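Report on one structure; see the data block that follows.
Bear in mind the structure is a predicted one, so any value in this text is a computation, not a measurement.
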Amino acid sequence: MVKKELTEAEIAESIPDLWQPLTESQRELLAQNFTIQKYKKNETIYCEGETPMHLMCLLSGKVKIYKDGVGGRSQIIRVIKNKEYFAYRAYFAEENFVTAAAAFEPCTMCLIPMPVIIKLIQENADLAMFFIRQLSKDLGISDERTVNLTQKHIRGRLAESLLSLKDTYGVEEDQCTLSIYLSREDLANLSNMTTSNAIRTLSNFATEKLIIIDGRKIKLIDEERLKKISKIG
């Protein structure tokens, strides 16, 4: 972990949601405990069963939260985007991590010790409300995702995953190529299906001219039809 001397303006830009509600003395405490950590592609960030120690905020790169299921098959629970906070729920719940996290690509993130976050929350009602809102939103997304992954058919699940990746990470300059290049295995794990089913369904989508596949690059050609497939399930 790197203790990097950043100006308050740089810290404020990195974690605006946390910084904005704080008083001057609280900002000073946060700045004193603000550290930067870099991770390589595919590097593990934390493991299932570990004790949570830090609030994490992704500053650059892409991260997956996943859980190893039956037969060693992974299920990607969600993906993390820039300026998103994670790894704190387990600490609030006074339990160890029930998931794991890894870097899709080289990542930079800030880490703040959870005891510091707890102290700030106890002193600042606005910050406490921020975390209540975040946890509430995450719970709503999790509930909806649980239903979608268990009730939708394969085509609906894969279409939803492609659209979700677009919403999370955006597209490249051509306005249709997803700005994340997932392996077929990761795409399958995100969509709750086998890798062979993911490959077959992607191929069908390409045949139907819904997408264009170029290695790991995926272009969304007919987003409206993908939305219909996702909705129908």
Starting from the C-alpha separation in whole Å, work towards a yes-or-no answer on side-chain contact (heavy atoms from CB on, under 4.5 Å) for His54 and Gln37.
CA-CA 11 Å; His54 296 88; Gln37 178 77 41; over 6 Å; no
So, the side chain of Lys83 versus the backbone of Pro16: is there a donor-acceptor pair under 3.5 Å, distance only?
no
Taking atom CZ of Arg200 and atom CE of Met193, what is their separation to the nearest 0.5 Å?
10.5 Å
When you measure from the side chain of Arg225 to the backbone N and O of Glu208, does any donor-acceptor pair fall under 3.5 Å?
yes
Expected output: side-chain Ser164 to main-chain Glu160 donor-acceptor under 3.5 Å
no
Whether Asn96 side chain and Gly49 backbone form a donor-acceptor pair below 3.5 Å:
yes
Any cation-pi pair here, Lys41 with Phe104, using under 6.0 Å and within 45°?
no
Find out whether Asn189 and Tyr66 are in side-chain contact, i.e. whether some heavy atom of one side chain is under 4.5 Å from a heavy atom of the other.
no
When clusters are formed by joining ILVMFWY residues with side-chain heavy atoms under 4.5 Å apart, either directly or through shared neighbours, do Val171 and Leu158 land in the same one?
no
Can you tell me if Asp174 and Thr177 form a side-chain donor-acceptor pair at under 3.5 Å?
yes
Quick check for you: to the nearest 0.5 Å, what is the distance between Leu18 atom CG and Leu127 atom CG?
6.0 Å
Apply the side chain to side chain contact (heavy atoms under 4.5 Å, CB included) test between Arg155 and each candidate in Leu226, Thr201, Ile232; give the one that qualifies.
Thr201
A side-chain contact here means heavy atoms from C-beta on lying under 4.5 Å apart; do Leu182 and Arg216 qualify?
no
Nearest-0.5 Å distance, CG of residue Leu55 to SG of residue Cys110:
6.5 Å
Under a 3.5 Å distance rule, please check whether Glu144 uses its side chain to pair with a backbone N or O of Ile141 as donor and acceptor.
no
How about Leu139 and Asp143: do any of their side-chain heavy atoms sit closer than 4.5 Å?
yes
Any chance the side chains of Ser230 and Lys152 put a donor and an acceptor closer than 3.5 Å?
yes
Are Glu43 and Lys38 within salt-bridge range, i.e. N to O under 4.0 Å?
no
Pairs involving residues 13-23, ordered by first then second residue, that meet side-chain hydrogen bond (donor to acceptor under 3.5 Å, both in side chains) (sequence neighbours left out)
Thr23-Ser25, Thr23-Gln26
Return yes if some donor-acceptor pair links the side-chain N/O of Thr150 with the main-chain N/O of Val147 below 3.5 Å, else return no.
yes
Is there a side-chain contact between Tyr91 and Pro115 in this structure, where contact means two heavy atoms from C-beta onward sitting under 4.5 Å apart?
yes
Could you label the plane-to-plane angle of the Phe130 and Tyr85 rings as parallel, tilted or perpendicular, counting under 30° as parallel and over 60° as perpendicular?
perpendicular
Is any side-chain heavy atom of Tyr169 closer than 4.5 Å to one of Asn82?
no
Got Lys64 and Asp186 here, is their nearest side-chain heavy-atom distance under 4.5 Å?
yes
Between Arg145 and Ile77, is there a donor-acceptor pair closer than 3.5 Å when you use the side chain of the first and the backbone of the second?
yes
Search all heavy atoms of Leu111 against all heavy atoms of Met56 and return the closest pair with its distance.
CG-CG, 4.1 Å
When rounded to the nearest 0.5 Å, the distance separating CG of Asn192 from CD1 of Ile76 is 11.0 Å
Return the set of residues passing ring pair (Phe, Tyr, Trp, His ring centres under 6.0 Å) with Phe131 (not counting sequence neighbours), or none when no residue passes.
Tyr88, Phe92
Pro113 versus Asn33, closest heavy-atom pair with distance
CD-O, 3.4 Å
Can you hop from Leu59 to Leu30 via hydrophobic side chains spaced under 4.5 Å?
yes
Looking at every heavy atom in both Leu202 and Ile213, which two are closest together, and how far apart are they?
O-CD1, 3.6 Å
Would you say the side chains of Asn204 and Thr207 form a donor-acceptor pair under 3.5 Å?
no
Please determine whether residues Ile212 and Leu165 belong to a single hydrophobic cluster, defined as Ile, Leu, Val, Met, Phe, Trp and Tyr linked transitively by side-chain heavy-atom distances below 4.5 Å.
no
Distance-minimising heavy-atom pair for Phe97 and Cys47:
CB-O, 3.7 Å
Residue pair Arg184 / Ala198: nearest heavy atoms and the distance that separates them
O-CB, 4.2 Å
Inter-residue atom distance Thr99.OG1 - Ile65.CD1, 0.5 Å rounding
5.5 Å
Go through Glu123 and Lys119 one step at a time and tell me if the salt bridge (Lys or Arg N to Asp or Glu O under 4.0 Å) criterion holds.
CA-CA 6 Å; Glu123 295 176 358; Lys119 177 175 171 54; 2.8 Å; yes
Any Thr108 side-chain heavy atom under 4.5 Å of Ile36 side chain
yes
Contact check, side chains of Arg89 and Leu135, non-hydrogen atoms, under 4.5 Å
yes
Connected via hydrophobic side-chain network under 4.5 Å: Ile221 and Leu210
no
If two hydrophobic side chains count as joined below 4.5 Å and joins carry through other members, does Ile121 share a cluster with Val116?
yes
Enter the distance from Asp68:CG to Ser74:OG here, rounded to the nearest 0.5 Å.
4.0 Å
Closer than 3.5 angstrom, by distance alone: can the side chain of Ser203 be matched with the main-chain N or O of Ile199 as a donor-acceptor pair?
no
Please check if the side chain of Asn124 supplies one atom and the backbone of Pro21 the other of a donor-acceptor pair under 3.5 Å.
yes
